[in-house]
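Remarks on the structure that follows.
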Amino acid sequence: MSEEKSLNFIEEIIEEDLRKGNYKEIVTRFPPEPNGYLHLGHASSICLNFGLTKKYPGYTNLRFDDTNPTTEETEYVDSIKEDVKWLGFEWKNERYASDYFDTMYDYAVSLIKKGLAYVDDSTSEEIAAMKGTPTEHGKESSYRNRSIEENLDLFDQMKQGAFPDGSRTLRAKIDMAHVNMLMRDPVLYRIKHAHHHRTGDKWCIYPMYDMAHGQSDSIEQVTHSICTLEFVPHRELYDWLIEKLEIYPSHQYEFARRNINYTVTSKRKLLQLVNERYVTSWDDPRMPTISGLRRRGYTPESIRDFCDRIGVAKRENMVDVGLLEFCVREHLNKIALRRMVVFDPVKIIITDYPEGQLEMVPSEDNPEDENKTYRDIPFSREIYIEREDFMEDPPKKFFRLAPGQMVRLKSAYVIKCDEVIKDDLGNIIALHCTHIPNSKTGEANANIKVKGTLHWVSILHAVPVEIRLYDRLFKVEDPSSEEGDFKEYINPDSLQIIKTAYAEPALKTSKFNDRYQFLRKGYFMLDKDTSEEGLIFNRTVTLKDTWAKESKKD
Ligand code: ATP
Ligand code: MG
């Protein structure tokens, strides 16, 4: 039996094309509009487009679809390039739809000359009103039958800046009774006196999506132009324009947009979250943006794995964020350095351990790693353990520390709790314990049976650090489909900050991009807010799927 993964429908099309000799190599493009930061939905499109040309001969271009000057910015261009590179992909050419504005203008002129486009003086409201409905034909504009000469002259004047915004458009002359509403004389150019982030003030007319996208594909000789399903009705116009312009025949293929639950994947909505301060920035670790995930500690490998597992579909569906978390756990388990950090400390005094004595106990960096490496952890008489790891009056199945009960301190001794020390109000201030000599790994008493193993830090050597724990940004699976504004469904507890946790000293030299597993706490990475004042760690993900457990409890 073959273990090969079955082909997705786009791969099938490409293999068929290659077999028939339609192409020697294939060309794809990833075409973001630089009006926001990339999110997980884009990651899926990036992995698909670049993945195809990794698998088959050919290449992928990065093309900025920058035909909308008012919403586009260089900051977004830079972030998009950084994100694509970080995901691990290399584009052959960096292109901009705006590189082709001259060519597109010439294309428009040639349509006019063929009698296939006209200048319409109607307002956008009037054009919309004349569009008709799916069951009713549209009405022809009274400007539709202008002469070619008049159209050429007016279009030239549009370009020269003779007319105000919105006063005229260039429309394709197709068929106002067409069953596909998009074919009812679609607008190709509009007037917009706006500064463009690349072409400056050269243009005051800009091509519409349909007049720019397919034309850019064709200029770049893109063989397979992949977009999301909402563009299915545009395909007919895409093909019509290529045919009438007699230019290189790129072909459009559509796949299902990827939506992830408990978040939103729409730049417009994400921009609202940033502008209205629901999150701190585009790269807030709660954001489903590539930059947010990167800052949170996700690896490119885990995101690629996720995109690979969800694959390419023809029908829209909601993808469970649990799968993304599964993918990152899988990867981090392999690469993360194990470290100990106590979030909410209770002090232990090991009364039979000499004051001032210090031992360095070796502990494995990562049991999953074949190259065994160790760091030395200082052990001394006074240590912190997690407050929740002690119970004075525990239930039967409490496998942690309790009076008279023994536990192992990870990589160090077995200890037994003898006495609970309290203040006047009855709050526990310390636990007095004794240790079993020679109970460390490899020593004579190493095999003593204990109920549990706890993480700990030596108080004298502990490094105070800040911990940021994240939860889902939204309380409901699909905030966009709920009644009212999607922002009403924001989870108010999506960020929890622990100002002072206590870390073992090895973390003092933490480096950005090093991944850690804090024992029993999850996977963590240093946050960029880290400064001289202290280390700040983001929790990337918990060790287990806590949500799955909770839903089973119901
Ligand atoms: P948004 O609604 O977030 O602005 P968009 O489709 O307008 O998304 P573009 O910058 O135009 O964003 O998209 C670049 C490419 O990424 C397009 O080919 C688009 O189809 C694809 N893409 C965007 N969002 C998704 C998604 N959720 N799933 C799959 N592909 C997507
Ligand atoms: Mg878009």
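Just the heavy atoms: all of them, side chains too, but no hydrogens, waters or symmetry mates, feed the values below. Whatever order the structure lists them in is the order used to number ligands and atoms, beginning at 1.
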Quiz prompt | Carboxylate-amine/guanidinium contact Arg286 Asp471, below 4.0 Å | solution = no

Numbered in order shown, the ligand 1 atoms found under 4.0 Å of a heavy atom of Pro32 are 10 (O), 14 (C)

Original post:
Where does the angle between the aromatic ring planes of Tyr189 and Phe155 fall among parallel (under 30°), tilted (30 to 60°) and perpendicular (over 60°)?
Top reply: perpendicular

(Q) So, regarding Ser44 and ligand 1 (criterion: nitrogen or oxygen to nitrogen or oxygen, under 3.5 Å), is there a contact or not? (A) no

* Kindly state whether the ring of Phe89 and the ring of Phe50 have centres lying under 6.0 angstrom apart. => yes

Side chains of Tyr470 and Asn538 only: does a donor on one sit below 3.5 Å from an acceptor on the other? yes

Near His39 (heavy-atom distance under 4.0 Å), the atoms of ligand 1 are 3 (O), 24 (N)

Item to complete: Return yes if a side-chain donor-acceptor contact under 3.5 Å exists between Tyr76 and Glu33, otherwise no.
Response: no

Open item on the list: So is Arg268 touching ligand 1 or not, going by heavy atoms under 4.0 Å?
Closed with: no

inquiry  = With the threshold set at under 4.0 angstrom, would you say Lys269 reaches ligand 1 through any of its heavy atoms?
reply    = no

For Ser266, the ligand 1 atoms with a heavy-atom partner under 4.0 Å come out as 3 (O)

- Counting both backbone and side chain atoms, is some N or O of Arg258 under 3.5 Å from an N or O of ligand 1? yes

N/O of Glu230 under 3.5 Å from N/O of ligand 1, yes or no? no

Numbered in order shown, the ligand 1 atoms found under 4.0 Å of a heavy atom of Lys267 are 1 (P), 3 (O), 4 (O), 8 (O), 9 (P), 10 (O), 12 (O)

If the threshold is 4.0 Å, N to carboxylate O, is there a salt bridge linking Arg144 and Asp120?
no

- Query: Are Tyr107 and Gln215 linked by a side-chain donor-acceptor pair shorter than 3.5 Å?
  - Reply: no

One finds that the ligand 1 atoms under 4.0 Å from a non-hydrogen atom of Thr228 are 20 (O), 29 (C), 30 (N), 31 (C)

- Query: Does any N or O atom in His42 lie less than 3.5 angstrom from one in ligand 1, N or O only?
  - Reply: yes

Rounded to the nearest 0.5 angstrom, the OG1-NE2 distance for Thr540 and His331 is 12.0 Å

Short version for Phe255: what comes under 4.0 Å of ligand 1, heavy atoms counted, is side chain

